[in-house]
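A short write-up of the structure that comes next.
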Amino acid sequence: MTVRTRFAPSPTGYLHIGGARTALFCWLYSRHHGGDFILRIEDTDRERSTEAAVQAILDGMAWLELAPDEGPFYQTQRFDRYREVAGKLLAEGHAFHCYCSKQELEAMRAEQMVRKEKPRYDGRCRRRKEPVPGVAPVIRFKNPEMGQTVVEDAVKGRVVFDNHELDDLIIVRSDGTPTYNFCVVVDDMDMRITHVIRGDDHLNNAPRQMNILKALGVTPPRYAHLPMILGPDGTKLSKRHGAVSVMQYREDGFLPEAVINYLVRLGWSHGDQEIFSREEMVKLFDIEDVNKSASAINPQKLLWINQHYIKNGDVPALAAELKWHLDRLGVDTAGGPSLEGLVKAQQERAKTLKEMAEGSRFFFEEVKEYEPQAAAKNLTADALPGLEALRAKFAALPDWSAAALHDVLNTTAESLGTKLGKLAQPVRVAVSGGGVSPPIDATLELLGRERSLARLDQAIGFIRKAG
RNA sequence: GCUCCCUUCGUCUAGAGGCCUAGGACGGAGCCCUCUCAAGGCUUAAACGCGGGUUCGAAUCCCGCAGGGAGCGCCA
């Protein structure tokens with residue numbers, strides 16, 4: 001039997017980081033076993049589902065390269081099928097019409113709460129023979145009253161539920177639309193899902209779904225309930241934690257492979273290994289190895305992994321992503337240094353591509369003002385002789401290369417009797433406007449002779465004016 | 001309230017009775033390197049929630065407790 005997993009988000013918002021990990025684990029598990037990964041959009045809540053959210057989920061998955069083998073399937077397009085199955089359940093005595101009003105149900109629950117019982121439907125319409133005139137009924141599944149339902153969960157282990165804890169849940173609303181738990185059951189059956197991998201907030205739904213499946217004469221799939229992902233402070237992830245949408249991570253300068261690598265290590269590990277290629281993940285991943293407990297997101301570690309992938313990444317690909325970020329910053333890259341050159345100069349010192357893009361601005365834009373602190377420290381009268389000497393030598397340099405520039409810097413420092421640092425830092429401030437840049441020789445090379453000389457002149461003028 | 005789940009350094013985790021004076025990683029601290037920022041190298045602090053058992057021996061097995069979480073909708 002081939003393994004078939006599914007990722008089944010409801011399109012009520014963007015793809016968030018927890019959903020992304022669920023999708024990843026589903027994808028990995030199916031890949032590991034040479035199976036199929038199915039995408040199903042659970043859009044039965046027409047109030048909250050939006051077209052834009054569907055697109056956001058698709059975009060997020062595409063960015064993370066978690067392509068489904070089948071789908072997306074939409075539950076709203078399968079209503080006829082759900083009604084058909086509900087009819088079958090009804091005909092076979094596994095379901096019944098319930099005419100209770102919402103007020104009646106509320107009153108029942110209130111009473112149960114007073115008695116310190118778990119609020120649940122008490123089965124009062126089970127044996128009703130006659131319809132109630134003028135009332136559109138819902139259809140409820142007739143849940144077994146005796147015995148137990150055992151979930152042999154791949155992550156949580158054996159979980160036992162008493163059937164009397166489970167009530168007769170509504171499978172079709174009074175308006176004829178099917179409910180979530182029922183759609184899931186029919187879909188998982190029809191799509192021949194072998195492994196249901198989802199968040200552990202669904203663990204309590206598993207026995208209900210299994211019972212419906214059994215009534216339908218189908219063997220339930222294997223379940224694997226993943227622990228939740230928490231915010232950095234250990235509380236439930238929410239908007240106030242900042243980036244929750246995976247696309248926000250792109251905007252913040254993260255690489256998809258870094259996000260994936262970070263996510264795979266949340267609740268799963270392989271000895272002491274931290275860095276995994278896609279191929280390694282697929283080869284090593286097993287759902288049985290997933291942890292039971294929730295894990296908090298650690299932004300620092302994500303940053304570290306991202307830096308790893310930038311440092312070791314493919315230069316042309318990084319350059320393309322850098323371009324994307326520069327465009328977002330509104331930087332015109334025409335006529336500037338090569339983006340690949342910028343990547344090479346900065347890939348060891350940028351934690352994110354956004355940071356790299358921001359650090360690249362001065363290569364394309366004029367230095368309009370200096371960082372006050374950097375200028376106060378470095379653009380001083382003391383620095384003037386060095387800047388002037390370099391300006392002259394640079395102008396005369398036949399070969400504008402990092403090596404040649406490095407040479408000039410060294411010999412000038414020597415002849416002036418100063419350390420390289422005393423010479424390089426004022427140059428850095430002059431050409432970049434601030435105190436941080438790649439090595440000064442590489443910076444100058446990338447910036448080009450014309451711009452470099454103009455900025456040295458500008459800085460020299462600045463110092464004279466101040467003096 | 002009821003049902004279910006979870007509990008190793010701040011965080012992610014290794015650990016499936018002796019290999020554990022509890023290992024790795026991020027972050028922290030210190031040192032080295034250094035033209036800035038980084039990167040890199042080395043060193044270092046830091047954890048088995050608590051209480052009972054079982055056992056010659058428990059982070060690992062059992063039972064309680066405490067704390068955290070999820071679910072209990074004509075939401076998904």
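Here is how names work: the chains are called A, B, and so on, in the same order as the sequence lines, proteins then strands, and each is numbered from 1.
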Extract from the structure each pairing of a protein N or O with an N or O of nucleotides 68-71 of chain B at less than 3.5 Å, listing the distance.
{"unit_1": "B:rG71", "atom_1": "O4'", "unit_2": "A:Asn204", "atom_2": "ND2", "d": "3.4"}

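- Remark: the A:Ser174 side chain and the B:rC74 base include a donor-acceptor N/O pair separated by less than 3.5 Å.
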### Residues A:Gln458, A:Arg455; criterion side chain to side chain donor-acceptor pair (under 3.5 Å); working and verdict
CA-CA 5 Å; A:Gln458 184 183 332; A:Arg455 289 185 195 181; 5.7 Å; no

Which atoms of nucleotides 43-51 of chain B (N or O only) lie under 3.5 Å from a protein N or O atom, and what are those distances?
none

### Query
For every nucleotide of nucleotides 8-32 of chain B, 5' to 3': is a protein heavy atom under 4.0 Å from its base (B), only from its sugar-phosphate (S), or from neither (-)?
--BBBSS--------BBBBS-----

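- Listed nucleotides: B:rC74, B:rA76, B:rU36. Nearest to the side chain of A:Arg109: B:rC74.
- Across B:rG24 and B:rA46, the matching P atoms stand 14 Å from one another, rounded to whole Å.
- For A:Arg120 and A:Asp168, the salt-bridge test fails: no basic side-chain N is under 4.0 Å from an acidic carboxylate O.
- When the P atom is used for both B:rA59 and B:rG23, the distance is 14 Å, rounded to whole Å.
- Rounded to the nearest Å, the gap between the C1' atom of B:rA16 and that of B:rU21 is 22 Å.
- Residues that satisfy the side chain to side chain contact (heavy atoms under 4.5 Å, CB included) test with A:Val315, not counting sequence neighbours, are A:Glu340, A:Val343, A:Lys344, A:Gln347.
- With respect to A:Glu388 and A:Arg391, no salt bridge is recorded, no charged nitrogen being found less than 4.0 Å from a carboxylate O.
- Nucleotides B:rU13 and B:rG64 have their P atoms positioned 27 Å apart, rounded to a whole Å.
- Sequence neighbours left out, the pairs with a member in residues 291-304 of chain A that pass salt bridge (charged side-chain N to carboxylate O under 4.0 Å, His left out) are A:Glu274-A:Lys301.
- Nearer to the 5' terminus of RNA chain B, by closest-nucleotide assignment, is the contact made by A:Gly157 (compared with the other of A:Gly157 and A:Tyr99).
- Sorted by residue number, the members of residues 422-434 of chain A with any non-hydrogen atom under 4.0 Å from RNA chain B read A:Ala424, A:Gln425, A:Arg428.
- The phosphate of B:rA76 has OP1 or OP2 within less than 4.0 Å of a side-chain N or O from A:Thr44.
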